[in-house]
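Below, read A as the first sequence line, B as the second, and so on, with proteins coming before strands; counting in each chain starts at 1.
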There are 2 protein chains.
Amino acid sequence: MEKAADLRVIRTRKLIDEAFLSLVEEKGLAGVNVRSLTAKAGINRGTFYLHYQDIYDLMDKIEDQIIEEMDRLPVRSEPEQLLTSGYVEEPFPSIVEFIRFMNEQHRFFAIFFAQDGTAFGKRLKALIRSRMYEKLPRQVLSPDALSVPDEYIVAYFSSAHFGVIRHWFETGRILPPEQVALILTRLVRDGPLMTAFNRKPEQQLK
Amino acid sequence: MEKAADLRVIRTRKLIDEAFLSLVEEKGLAGVNVRSLTAKAGINRGTFYLHYQDIYDLMDKIEDQIIEEMDRLPVRSEPEQLLTSGYVEEPFPSIVEFIRFMNEQHRFFAIFFAQDGTAFGKRLKALIRSRMYEKLPRQVLSPDALSVPDEYIVAYFSSAHFGVIRHWFETGRILPPEQVALILTRLVRDGPLMTAFNRKPEQQLK
DNA sequence: TTCATAAATCAACATAATGTTCATTATTTG
DNA sequence: CAAATAATGAACATTATGTTGATTTATGAA
């Protein structure tokens with residue numbers, strides 16, 4: 001946002017922003033158009049075009065702000081020592097920072113997550129998820145302090161698989177399917193960090 | 001697809017399907033409308049409405065077919081024994097099946113992956129990815145037969161994180177941010193399978 | 001406080017897509 | 001072949017878009 005000198009400009013943009021958020025919340029992205037947005041904001045339809053090219057331009061500007069802020073979050077490197085170091089029950093610091101930020105901006109992110117992904121994508125993920133649940137060794141998931149909720153494990157699993165397959169597609173499916181499957185199998189079995197270090201499990205502890 | 005008796009019906013639907021695919025390929029999902037679709041298919045605009053309610057109905061029908069087929073793929077259970085069993089360099093069988101299927105239907109899935117996710121989602125993932133690359137212990141990624149390409153590791157990492165955070169949002173952000181960060185940290189460090197079994201690494205080998 | 005400046009309003013417009021209709025033509029199947 | 005039904009073509013009301021120009025209103029600098 002370049003200029004924001006005039007009070008009227010600030011007010012109008014606030015009205016537009018708020019109208020956009022609440023409109024997406026109730027109707028979804030597809031339900032947003034300039035007509036209803038300006039109606040909800042209580043401004044003239046023409047006024048909208050004084051500020052933004054169209055709805056997509058508006059979204060871009062909103063997203064720009066969020067990305068900018070996230071990009072400014074400090075990076076504290078937590079390199080390989082965490083692998084070989086003993087068991088410390090503390091999260092990586094920069095992960096905490098990210099999640100805290102998203103928690104603060106939860107209104108935006110809730111909308112984003114609700115809108116992100118196609119209908120088919122949701123069905124596909126649900127399918128993958130349900131298959132994985134069948135395989136999860138349920139009895140071992142003891143409810144002790146150290147355990148991670150199994151819904152989170154499944155979310156991690158399925159999303160990771162999804163991402164690997166997506167990457168395979170986005171790189172033009174160069175690798176043969178069997179190799180992709182092997183990559184996935186290794187990552188699941190050993191964990192990404194182990195795999196990155198290319199060690200076998202018995203080498204994990206120095 | 002219920003009825004497909006008449007030759008004309010079959011022909012028309014094929015034309016529509018093909019027109020849809022190629023139209024999405026060149027213009028993207030947003031660029032598809034009934035006008036241009038029927039123009040490309042070489043049929044009357046009214047004819048489209050004889051078969052589908054609207055564009056979304058058409059997409060639903062196409063997706064239904066794919067999901068149905070994937071749902072019929074055989075599930076071969078590969079349970080916990082894989083954890084304790086020795087190092088076998090063979091992928092899990094049902095993973096192979098899935099990826100083979102997607103490879104066969106690559107035209108559909110290429111479109112899906114290209115269209116899936118919002119613009120913001122792509123930016124967010126790119127941000128996460130770039131941060132993770134910084135942390136990857138590059139020198140250790142030796143180019144031996146066992147290694148997994150680091151782009152795949154990053155894809156796995158970042159997508160998994162994304163999925164966990166998404167799950168957190170979709171369950172109403174009940175857990176405090178710090179605990180989500182801890183869950184992620186554990187999953188990254190130990191791998192999902194270890195975490196599911198709730199063991200510490202030294203217990204990994206029986 | 002005044003007043004030039006800029007923002008917002010209002011009404012109107014052309015354009016383009018939607019979904020529906022109905023009479024007509026063409027094709028298929030038994 | 002003939003009855004059935006699919007596809008066509010043209011028209012229609014509806015709705016959203018993005019733009020324009022004249023007018024009113026609010027702002028902030030002097």
Just how far, in rounded Å, is P of D:dT14 from CG of B:D54? 20 Å

Is A:R8 near enough to D:dT27 that one of its side-chain N or O atoms lies under 4.0 angstrom from OP1 or OP2? no

Tell me whether the side-chain N or O atoms of B:R45 pair up with the base of D:dG9 as donor and acceptor below 3.5 Å, since no angle test is needed here. no

Whole angstroms only, please: what is the NZ-P distance between B:K27 and C:dA17? 11 Å

Of all the choices, C:dT28, D:dA7, C:dC10, which nucleotide is nearest to the side chain of A:N44 once you look at every atom? C:dC10

So that I can tick it off, tell me whether B:R166 and B:E170 are bridged by a salt bridge, with the cut-off set at under 4.0 angstrom between side-chain N and carboxylate O. yes

On DNA chain C, does the nearest nucleotide to B:R11 precede the nearest nucleotide to B:N33 from the 5' side, or the other way round? Give the residue. B:N33

Please report, rounded to the nearest Å, how far the P atom of C:dA17 is from the CG atom of B:L37. 13 Å

Integer-rounded Å distance: C:dA17 C1' and B:Y56 OH: 13 Å

Which of these nucleotides, D:dG18, D:dT27, C:dT9, is closest to any side-chain atom of A:I43? C:dT9

Atom-to-atom span, OH of B:Y49 to P of C:dA17 - whole angstrom: 11 Å

Ring center gap for B:Y152 and B:Y156 short of 6.0 angstrom: no

Proximal nucleotide (of D:dG18, D:dA6, C:dG19) relative to the B:D6 side chain: D:dA6

Strictly below 4.0 Å: does A:T12 bring a side-chain N or O up to OP1 or OP2 of C:dA8? yes

Can you list the steps and then say if A:V180 with A:R173 is a side chain to side chain contact (heavy atoms under 4.5 Å, CB included)? CA-CA 9 Å; A:V180 178; A:R173 305 190 336 281; over 6 Å; no

Interatomic distance, A:L7 CG vs C:dT5 P [rounded to whole Å]: 19 Å

Rounded to whole Å, please give me the gap between CZ in A:R35 and P in D:dG18. 12 Å

To the nearest Å, give me how far apart CG (B:L50) and P (C:dT21) are. 12 Å

Verify the ring-centre separation between B:Y52 and B:F20: is it less than 6.0 angstrom? no

Answer whether the closest heavy-atom distance between the side chains of B:F108 and A:F120 falls below 4.5 Å. yes

Below 4.0 angstrom from OP1 or OP2 of C:dA7, is there any side-chain N or O of A:H51? no

